[in-house]
Amino acid sequence: MTYYDDVEILGMIGTADASEIRPSDGTVIDPEYTARFAKAHEDGGFDRVLIGYGSGWSEGTQVAAYAAAHTERLGLLIAHRPGVVHPTLASRTFTTLDQFTKGRVALNIVTGSSNVEQRREGDYVPHDERYARTDEYLQILRASWDTKGPRDFDGTYYRFEGFTPQVFPYGDRHLELFFGGSSPAAYGVGAEHADTYMLWGEPLKQTGEQIATITEKATAAGRTRRPRVSVSFRPILGRTDEEAWERAHAILDTINGEIGSQFKQKVNKLHPQGSAPENAGSQRLLAVAESGDLHDRCLWTPTTTAVGGGGNSTALVGSPETVAAAILDYVEIGVNTVLIRGYDPLQDAIDYGRDLLPLVRQELAHRAARPSVAV
(Lines give C-alpha, C1' and ligand atoms only; values in the text may rest on other atoms or scores of the structure.)
Protein backbone atom coordinates (compact mmCIF):
# COMPACT_ATOMS: atom_id res chain seq x y z
CA MET A 1 0.00 0.00 0.00
CA THR A 2 1.05 3.61 -0.55
CA TYR A 3 0.69 5.64 2.65
CA TYR A 4 0.87 9.23 1.48
CA ASP A 5 0.64 10.65 5.00
CA ASP A 6 3.68 8.65 6.12
CA VAL A 7 6.33 9.78 3.63
CA GLU A 8 9.54 11.25 5.04
CA ILE A 9 11.96 13.67 3.40
CA LEU A 10 15.60 13.41 4.48
CA GLY A 11 18.61 15.60 3.89
CA MET A 12 22.30 15.15 4.64
CA ILE A 13 24.73 17.38 6.49
CA GLY A 14 28.50 17.62 6.62
CA THR A 15 30.93 19.54 8.80
CA ALA A 16 32.58 21.70 6.12
CA ASP A 17 31.59 23.49 2.92
CA ALA A 18 32.84 21.14 0.21
CA SER A 19 31.40 18.97 -2.55
CA GLU A 20 32.08 17.71 -6.06
CA ILE A 21 31.78 21.32 -7.28
CA ARG A 22 32.91 23.26 -4.20
CA PRO A 23 36.65 22.95 -3.49
CA SER A 24 37.63 22.39 0.12
CA ASP A 25 39.86 24.94 1.83
CA GLY A 26 41.22 22.16 4.02
CA THR A 27 38.79 22.69 6.89
CA VAL A 28 37.44 19.43 8.28
CA ILE A 29 35.15 20.79 10.99
CA ASP A 30 33.56 24.23 10.70
CA PRO A 31 31.21 24.53 13.69
CA GLU A 32 29.39 27.61 12.38
CA TYR A 33 28.79 26.05 8.98
CA THR A 34 27.62 22.77 10.55
CA ALA A 35 25.09 24.62 12.71
CA ARG A 36 23.81 26.66 9.74
CA PHE A 37 23.55 23.51 7.63
CA ALA A 38 21.49 21.68 10.25
CA LYS A 39 19.29 24.71 10.88
CA ALA A 40 18.65 25.13 7.15
CA HIS A 41 17.22 21.61 7.04
CA GLU A 42 15.04 22.20 10.07
CA ASP A 43 13.77 25.53 8.73
CA GLY A 44 13.14 23.90 5.35
CA GLY A 45 10.86 21.22 6.78
CA PHE A 46 13.09 18.16 6.43
CA ASP A 47 12.21 15.28 8.75
CA ARG A 48 15.77 14.08 9.38
CA VAL A 49 19.34 14.56 8.24
CA LEU A 50 21.83 11.80 7.52
CA ILE A 51 25.31 12.13 9.01
CA GLY A 52 27.63 10.00 6.90
CA TYR A 53 30.50 7.68 7.82
CA GLY A 54 34.10 7.44 6.65
CA SER A 55 37.16 6.07 8.41
CA GLY A 56 38.78 9.50 8.56
CA TRP A 57 35.67 11.67 8.86
CA SER A 58 34.31 13.56 11.85
CA GLU A 59 32.74 11.14 14.34
CA GLY A 60 29.01 10.96 13.68
CA THR A 61 27.52 10.86 17.16
CA GLN A 62 29.40 13.99 18.15
CA VAL A 63 28.30 15.74 14.95
CA ALA A 64 24.73 14.69 15.75
CA ALA A 65 25.00 16.01 19.30
CA TYR A 66 26.27 19.35 17.99
CA ALA A 67 23.52 19.54 15.37
CA ALA A 68 20.92 18.68 18.02
CA ALA A 69 22.14 21.54 20.20
CA HIS A 70 21.48 23.98 17.35
CA THR A 71 18.05 22.68 16.32
CA GLU A 72 14.82 21.83 18.10
CA ARG A 73 13.04 19.01 16.29
CA LEU A 74 15.23 17.80 13.41
CA GLY A 75 15.76 14.03 13.35
CA LEU A 76 19.35 12.73 13.34
CA LEU A 77 20.15 9.68 11.23
CA ILE A 78 23.66 8.59 12.20
CA ALA A 79 25.59 6.30 9.85
CA HIS A 80 27.31 3.52 11.80
CA ARG A 81 29.69 0.78 10.70
CA PRO A 82 29.38 -2.54 12.60
CA GLY A 83 32.67 -4.13 13.54
CA VAL A 84 34.45 -0.94 14.57
CA VAL A 85 33.15 -0.88 18.15
CA HIS A 86 31.53 -3.59 20.25
CA PRO A 87 27.71 -3.65 19.98
CA THR A 88 27.27 -3.35 23.76
CA LEU A 89 29.04 0.02 23.65
CA ALA A 90 27.20 1.07 20.50
CA SER A 91 23.84 0.23 22.05
CA ARG A 92 24.26 2.66 24.92
CA THR A 93 26.08 5.29 22.86
CA PHE A 94 22.99 5.78 20.71
CA THR A 95 20.40 5.46 23.45
CA THR A 96 22.32 7.97 25.58
CA LEU A 97 22.19 10.48 22.73
CA ASP A 98 18.55 9.61 22.12
CA GLN A 99 17.74 10.43 25.73
CA PHE A 100 19.56 13.78 25.61
CA THR A 101 17.86 14.71 22.31
CA LYS A 102 14.44 13.47 23.49
CA GLY A 103 13.92 10.87 20.80
CA ARG A 104 15.58 12.36 17.72
CA VAL A 105 18.11 9.61 16.96
CA ALA A 106 17.97 6.84 14.35
CA LEU A 107 20.79 4.62 13.12
CA ASN A 108 21.89 3.97 9.53
CA ILE A 109 23.80 0.68 9.33
CA VAL A 110 26.54 0.69 6.66
CA THR A 111 28.28 -2.66 6.70
CA GLY A 112 31.11 -1.54 4.42
CA SER A 113 31.71 -1.40 0.68
CA SER A 114 35.49 -1.46 0.26
CA ASN A 115 38.02 -3.88 1.72
CA VAL A 116 40.67 -1.16 1.70
CA GLU A 117 38.41 1.24 3.61
CA GLN A 118 37.51 -1.46 6.15
CA ARG A 119 41.16 -2.26 6.78
CA ARG A 120 41.86 1.36 7.67
CA GLU A 121 39.94 0.64 10.85
CA GLY A 122 41.43 -2.79 11.39
CA ASP A 123 38.63 -4.83 9.85
CA TYR A 124 39.86 -7.72 7.67
CA VAL A 125 36.57 -9.66 7.50
CA PRO A 126 35.52 -10.46 3.88
CA HIS A 127 32.43 -8.84 2.29
CA ASP A 128 29.75 -11.52 2.76
CA GLU A 129 31.05 -12.43 6.19
CA ARG A 130 30.74 -8.78 7.22
CA TYR A 131 27.00 -9.10 6.65
CA ALA A 132 26.87 -12.24 8.78
CA ARG A 133 28.59 -10.27 11.52
CA THR A 134 26.15 -7.39 11.02
CA ASP A 135 23.31 -9.88 11.52
CA GLU A 136 24.65 -10.71 14.99
CA TYR A 137 25.37 -7.06 15.69
CA LEU A 138 21.79 -6.01 14.96
CA GLN A 139 20.35 -8.86 17.02
CA ILE A 140 22.35 -7.55 19.97
CA LEU A 141 21.38 -3.90 19.42
CA ARG A 142 17.69 -4.63 19.05
CA ALA A 143 17.57 -6.87 22.12
CA SER A 144 19.47 -4.33 24.21
CA TRP A 145 17.00 -1.59 23.25
CA ASP A 146 13.76 -3.55 23.38
CA THR A 147 14.21 -5.92 26.36
CA LYS A 148 15.29 -5.39 29.95
CA GLY A 149 17.40 -7.48 32.29
CA PRO A 150 20.82 -9.13 32.05
CA ARG A 151 21.65 -11.20 29.00
CA ASP A 152 24.40 -13.38 27.57
CA PHE A 153 25.38 -13.83 23.94
CA ASP A 154 27.52 -16.53 22.40
CA GLY A 155 27.80 -16.07 18.64
CA THR A 156 30.35 -16.43 15.91
CA TYR A 157 31.58 -12.84 16.16
CA TYR A 158 30.43 -11.60 19.57
CA ARG A 159 30.39 -13.11 23.03
CA PHE A 160 29.53 -11.61 26.40
CA GLU A 161 27.96 -12.53 29.72
CA GLY A 162 25.64 -10.59 32.01
CA PHE A 163 25.30 -7.44 29.88
CA THR A 164 22.62 -5.35 31.61
CA PRO A 165 21.59 -2.24 29.66
CA GLN A 166 20.30 0.63 31.77
CA VAL A 167 19.82 3.29 29.07
CA PHE A 168 16.93 2.70 26.67
CA PRO A 169 15.46 4.75 23.81
CA TYR A 170 13.67 7.91 24.88
CA GLY A 171 10.03 7.43 25.84
CA ASP A 172 10.26 3.65 25.56
CA ARG A 173 10.08 4.06 21.80
CA HIS A 174 11.41 1.80 19.06
CA LEU A 175 14.81 3.20 18.02
CA GLU A 176 14.73 2.94 14.24
CA LEU A 177 17.30 1.08 12.16
CA PHE A 178 17.99 2.20 8.60
CA PHE A 179 20.09 -0.12 6.44
CA GLY A 180 21.94 0.13 3.14
CA GLY A 181 23.31 -2.41 0.68
CA SER A 182 22.42 -3.93 -2.69
CA SER A 183 24.24 -7.27 -2.65
CA PRO A 184 22.46 -10.60 -2.05
CA ALA A 185 24.09 -10.78 1.40
CA ALA A 186 22.84 -7.28 2.20
CA TYR A 187 19.25 -7.94 1.10
CA GLY A 188 18.91 -10.89 3.47
CA VAL A 189 20.21 -9.11 6.58
CA GLY A 190 18.58 -5.76 5.88
CA ALA A 191 15.19 -7.19 5.02
CA GLU A 192 15.18 -9.06 8.33
CA HIS A 193 16.31 -6.28 10.66
CA ALA A 194 15.75 -2.86 9.08
CA ASP A 195 12.89 -0.49 9.76
CA THR A 196 13.89 1.38 6.57
CA TYR A 197 15.93 -0.06 3.69
CA MET A 198 18.00 2.59 1.92
CA LEU A 199 18.64 2.47 -1.85
CA TRP A 200 20.41 4.81 -4.24
CA GLY A 201 18.44 6.50 -7.00
CA GLU A 202 17.91 4.03 -9.82
CA PRO A 203 15.15 4.19 -12.45
CA LEU A 204 11.62 3.28 -11.41
CA LYS A 205 11.79 -0.21 -12.94
CA GLN A 206 14.99 -1.21 -11.15
CA THR A 207 13.82 0.38 -7.91
CA GLY A 208 10.60 -1.60 -8.10
CA GLU A 209 12.61 -4.78 -8.64
CA GLN A 210 14.67 -4.04 -5.54
CA ILE A 211 11.53 -3.38 -3.51
CA ALA A 212 10.20 -6.77 -4.66
CA THR A 213 13.43 -8.46 -3.56
CA ILE A 214 13.32 -6.75 -0.15
CA THR A 215 9.68 -7.77 0.24
CA GLU A 216 10.48 -11.38 -0.66
CA LYS A 217 13.40 -11.53 1.77
CA ALA A 218 11.35 -9.93 4.55
CA THR A 219 8.61 -12.52 4.08
CA ALA A 220 11.19 -15.31 4.17
CA ALA A 221 12.48 -13.89 7.46
CA GLY A 222 8.98 -14.14 8.93
CA ARG A 223 8.04 -10.46 8.78
CA THR A 224 4.42 -9.64 8.04
CA ARG A 225 5.39 -6.35 6.41
CA ARG A 226 8.51 -5.34 4.52
CA PRO A 227 10.74 -2.50 5.74
CA ARG A 228 10.03 1.00 4.59
CA VAL A 229 12.10 1.89 1.53
CA SER A 230 14.23 5.01 1.06
CA VAL A 231 15.69 6.26 -2.24
CA SER A 232 18.43 8.92 -2.52
CA PHE A 233 18.87 11.56 -5.23
CA ARG A 234 20.81 14.74 -6.06
CA PRO A 235 18.15 17.18 -7.34
CA ILE A 236 19.32 19.96 -9.63
CA LEU A 237 16.67 22.69 -9.69
CA GLY A 238 16.04 25.70 -11.90
CA ARG A 239 13.15 28.11 -12.18
CA THR A 240 12.28 26.29 -15.42
CA ASP A 241 13.27 22.91 -16.83
CA GLU A 242 15.52 24.67 -19.34
CA GLU A 243 17.32 26.60 -16.61
CA ALA A 244 17.75 23.40 -14.57
CA TRP A 245 19.34 21.60 -17.52
CA GLU A 246 21.74 24.49 -18.08
CA ARG A 247 22.74 24.25 -14.45
CA ALA A 248 23.04 20.45 -14.64
CA HIS A 249 25.49 20.61 -17.55
CA ALA A 250 27.50 23.30 -15.78
CA ILE A 251 27.71 21.07 -12.70
CA LEU A 252 28.83 18.13 -14.84
CA ASP A 253 31.51 20.28 -16.48
CA THR A 254 32.78 21.27 -13.03
CA ILE A 255 32.86 17.66 -11.83
CA ASN A 256 34.82 16.72 -14.95
CA GLY A 257 37.18 19.68 -14.46
CA GLU A 258 39.94 20.54 -12.00
CA ILE A 259 37.66 21.04 -8.98
CA GLY A 260 35.96 17.72 -9.55
CA SER A 261 39.30 16.03 -10.05
CA GLN A 262 40.47 17.24 -6.65
CA PHE A 263 37.27 15.89 -5.08
CA LYS A 264 37.59 12.53 -6.83
CA GLN A 265 41.20 12.16 -5.66
CA LYS A 266 40.00 12.68 -2.11
CA VAL A 267 37.12 10.22 -2.55
CA ASN A 268 39.38 7.63 -4.14
CA LYS A 269 41.58 7.76 -1.06
CA LEU A 270 38.50 6.86 0.98
CA HIS A 271 37.02 4.32 -1.43
CA PRO A 272 39.82 3.21 -3.77
CA GLN A 273 38.62 2.16 -7.19
CA GLY A 274 40.12 -0.48 -9.40
CA SER A 275 38.56 -1.53 -12.68
CA ALA A 276 35.16 -1.33 -10.99
CA PRO A 277 33.77 -0.44 -7.54
CA GLU A 278 33.63 -3.30 -5.06
CA ASN A 279 30.15 -2.52 -3.76
CA ALA A 280 27.02 -3.68 -5.56
CA GLY A 281 25.23 -0.34 -5.17
CA SER A 282 27.86 1.54 -7.18
CA GLN A 283 28.00 -1.25 -9.74
CA ARG A 284 24.25 -0.98 -10.21
CA LEU A 285 24.41 2.81 -10.64
CA LEU A 286 27.15 2.52 -13.25
CA ALA A 287 25.13 -0.11 -15.13
CA VAL A 288 22.17 2.27 -15.21
CA ALA A 289 24.41 5.08 -16.46
CA GLU A 290 25.82 2.80 -19.14
CA SER A 291 22.30 2.11 -20.40
CA GLY A 292 21.49 5.78 -20.97
CA ASP A 293 21.84 9.33 -19.70
CA LEU A 294 18.16 10.06 -19.03
CA HIS A 295 15.56 7.77 -17.46
CA ASP A 296 11.88 8.12 -16.62
CA ARG A 297 10.73 11.68 -15.99
CA CYS A 298 14.07 13.37 -15.23
CA LEU A 299 16.60 10.94 -13.69
CA TRP A 300 20.01 11.91 -15.05
CA THR A 301 23.08 9.65 -14.77
CA PRO A 302 26.19 11.37 -16.26
CA THR A 303 27.01 12.68 -12.77
CA THR A 304 27.28 9.05 -11.65
CA THR A 305 29.71 8.21 -14.44
CA ALA A 306 31.74 11.32 -13.64
CA VAL A 307 32.38 10.19 -10.04
CA GLY A 308 32.84 6.50 -10.84
CA GLY A 309 29.59 5.44 -9.18
CA GLY A 310 30.63 6.65 -5.76
CA GLY A 311 27.84 7.48 -3.32
CA ASN A 312 24.36 8.56 -4.24
CA SER A 313 25.10 10.41 -7.44
CA THR A 314 22.11 10.26 -9.78
CA ALA A 315 20.34 13.57 -10.30
CA LEU A 316 16.73 14.64 -10.73
CA VAL A 317 16.84 17.62 -13.07
CA GLY A 318 14.10 20.16 -13.62
CA SER A 319 11.91 22.86 -12.21
CA PRO A 320 10.57 22.31 -8.69
CA GLU A 321 7.32 21.08 -10.25
CA THR A 322 9.11 18.53 -12.45
CA VAL A 323 11.31 17.21 -9.65
CA ALA A 324 8.38 17.04 -7.23
CA ALA A 325 6.46 14.97 -9.77
CA ALA A 326 9.46 12.65 -10.18
CA ILE A 327 9.72 12.15 -6.41
CA LEU A 328 6.02 11.30 -6.31
CA ASP A 329 6.54 8.73 -9.07
CA TYR A 330 8.75 6.83 -6.62
CA VAL A 331 6.20 7.18 -3.83
CA GLU A 332 3.64 5.58 -6.15
CA ILE A 333 5.74 2.42 -6.52
CA GLY A 334 6.14 2.03 -2.76
CA VAL A 335 8.97 4.33 -1.67
CA ASN A 336 8.33 5.72 1.81
CA THR A 337 11.37 7.95 2.33
CA VAL A 338 13.31 10.18 -0.04
CA LEU A 339 16.79 11.53 0.73
CA ILE A 340 17.86 14.59 -1.26
CA ARG A 341 21.14 16.48 -1.16
CA GLY A 342 22.63 19.00 -3.50
CA TYR A 343 25.89 19.76 -5.22
CA ASP A 344 25.88 23.20 -3.57
CA PRO A 345 25.00 21.61 -0.22
CA LEU A 346 23.85 24.46 2.02
CA GLN A 347 22.21 26.65 -0.63
CA ASP A 348 20.52 23.66 -2.24
CA ALA A 349 19.08 22.61 1.14
CA ILE A 350 17.64 26.11 1.50
CA ASP A 351 16.23 26.00 -2.05
CA TYR A 352 14.72 22.54 -1.54
CA GLY A 353 12.99 23.72 1.62
CA ARG A 354 11.61 26.83 -0.05
CA ASP A 355 10.74 25.57 -3.53
CA LEU A 356 10.54 21.75 -3.61
CA LEU A 357 9.35 20.34 -0.30
CA PRO A 358 6.15 22.41 -0.16
CA LEU A 359 5.09 21.03 -3.55
CA VAL A 360 5.80 17.45 -2.48
CA ARG A 361 4.00 17.89 0.85
CA GLN A 362 1.02 19.54 -0.78
CA GLU A 363 0.54 16.73 -3.28
CA LEU A 364 1.08 14.06 -0.62
CA ALA A 365 -1.64 15.65 1.50
CA HIS A 366 -3.94 15.78 -1.53
CA ARG A 367 -3.36 12.09 -2.28
CA ALA A 368 -3.71 11.13 1.37
CA ALA A 369 -7.25 12.45 1.27
CA ARG A 370 -8.04 9.79 -1.32
CA PRO A 371 -8.14 6.04 -0.62
CA SER A 372 -4.74 4.33 -0.57
CA VAL A 373 -3.87 2.23 -3.60
CA ALA A 374 -2.11 -1.10 -3.85
CA VAL A 375 1.40 -1.17 -5.25
Side-chain angles (χ1 to χ4, degrees), residues 50 52-55 60 77-91 94 106-145 153-160 175-200 202 206-207 209-223 226-232 270-272 274 276-285 287 309-312:
L50 172 64
Y53 189 101
S55 62
L77 177 58
I78 306 167
H80 178 66
R81 183 177 289 170
V84 178
V85 300
H86 201 278
T88 55
L89 171 59
S91 72
F94 295 110
L107 197 58
N108 177 30
I109 298 297
V110 286
T111 298
S113 60
S114 161
N115 288 330
V116 174
E117 166 68 0
Q118 295 298 122
R119 290 168 185 170
R120 291 189 173 122
E121 297 194 286
D123 183 7
Y124 289 81
V125 175
H127 177 276
D128 284 6
E129 195 174 346
R130 289 200 293 267
Y131 281 99
R133 182 181 60 190
T134 294
D135 182 47
E136 282 193 6
Y137 199 95
L138 298 185
Q139 290 178 47
I140 294 165
L141 288 187
R142 181 54 66 207
S144 72
W145 295 335
F153 192 87
D154 188 3
T156 302
Y157 304 96
Y158 299 103
R159 181 182 180 187
F160 52 83
L175 201 154
E176 293 177 68
L177 288 173
F178 288 60
F179 186 97
S182 295
S183 67
Y187 289 136
V189 175
E192 180 176 358
H193 294 288
D195 297 292
T196 300
Y197 204 111
M198 302 191 78
L199 304 172
W200 285 336
E202 299 183 18
Q206 287 89 332
T207 301
E209 290 168 352
Q210 289 203 81
I211 292 174
T213 298
I214 294 164
T215 302
E216 177 186 350
K217 296 294 185 181
T219 301
R223 297 182 65 165
R226 67 159 170 82
R228 294 165 58 87
V229 172
S230 173
V231 180
S232 301
L270 179 63
H271 299 292
E278 293 179 29
N279 61 307
S282 291
Q283 293 169 12
R284 290 180 63 97
L285 288 188
N312 70 300

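The structure displayed is predicted, hence computed values, not measured ones.
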Task: F178 and P227, any side-chain heavy atoms less than 4.5 Å apart - done: no
Open item on the list: Set out, in order, the CA-CA distance, both residues' side-chain angles and the distance that settles side-chain contact (heavy atoms from CB on, under 4.5 Å) for L285 and Q206, then state yes or no.
Closed with: CA-CA 10 Å; L285 288 188; Q206 287 89 332; over 6 Å; no
- [ ] Would you mind reporting whether Q139 and H193 have side-chain heavy atoms less than 4.5 Å apart?
- [x] yes
Open item on the list: Please report the interatomic distance CZ(R223) to CD(E192), rounded to the nearest 0.5 Å.
Closed with: 8.5 Å
- [ ] Check whether any side-chain heavy atom of Q210 sits under 4.5 Å from a side-chain heavy atom of R284, and report yes or no.
- [x] yes
Open item on the list: Any side-chain to backbone donor/acceptor pair from T207 onto E202? Under 3.5 Å, distance only.
Closed with: yes
Task: Between CD1 on residue I214 and CZ on residue R226, distance to nearest 0.5 Å - done: 7.5 Å
- [ ] Decide, yes or no, whether a salt bridge links E136 with R133 under the criterion of side-chain N to carboxylate O below 4.0 Å.
- [x] no
TODO: Compare all side-chain heavy atoms of I109 with those of V189 and state whether any distance is below 4.5 angstrom.
DONE: no
TODO: Using a strict cut-off of less than 4.0 Å between a Lys/Arg side-chain nitrogen and an Asp/Glu carboxylate oxygen, indicate whether E117 and R81 qualify as a salt bridge.
DONE: yes
- [ ] Determine the minimum heavy-atom distance between S282 and G311, stating which atoms define it.
- [x] OG-N, 4.4 Å
Open item on the list: Whether the Y157 and E129 side chains hold a donor-acceptor pair (N or O, under 3.5 Å, no angle test) is what I'd like checked.
Closed with: yes
Task: Side-chain donor/acceptor of D154 to backbone N/O of R159, under 3.5 Å - done: no
Task: Student check: side-chain heavy atoms of F94 and L141 closer than 4.5 Å - done: no
- [ ] Report the residues that fulfil ring pair (Phe, Tyr, Trp, His ring centres under 6.0 Å) with Y137, sequence neighbours left out, ordered by chain and then residue number.
- [x] H80, Y158
Open item on the list: What's the separation between atom CG in L199 and atom OG in S230, rounded to the nearest 0.5 Å?
Closed with: 7.5 Å
Open item on the list: Return the OG1 to CG distance between T111 and D135, rounded to the nearest 0.5 Å.
Closed with: 10.0 Å
TODO: Kindly give the heavy-atom pair with the smallest separation between F179 and A194, and that separation in Å.
DONE: CB-CB, 3.6 Å
TODO: Begin with the C-alpha distance, continue with both residues' side-chain angles, and end with the deciding distance and a verdict on side-chain contact (heavy atoms from CB on, under 4.5 Å) for Q118 and Y124.
DONE: CA-CA 7 Å; Q118 295 298 122; Y124 289 81; over 6 Å; no
Open item on the list: Please find the pair of heavy atoms, one from N108 and one from L50, that lie closest to each other, and give the distance.
Closed with: ND2-CD1, 3.6 Å
TODO: Indicate yes or no: at least one non-hydrogen side-chain atom of P87 is less than 4.5 angstrom from one of F153.
DONE: no
Task: For L177 against L138, the heavy-atom pair lying closest together - done: CD1-CD2, 4.2 Å
Open item on the list: If I compare all heavy atoms of S183 with all of Y131, which pair ends up nearest, and what's the gap?
Closed with: OG-CE1, 4.0 Å
- [ ] Give, for atom CG of D123 and atom CG of N115, the distance between the pair rounded to the nearest 0.5 Å.
- [x] 9.0 Å
Task: Residue pair S182 / A186: nearest heavy atoms and the distance that separates them - done: N-CB, 4.0 Å
Open item on the list: Between W145 (side chain only) and S91 (backbone N and O only), is there a donor and an acceptor less than 3.5 Å apart?
Closed with: yes
Task: Any side-chain heavy-atom pair of T213 and Y197 under 4.5 Å - done: no
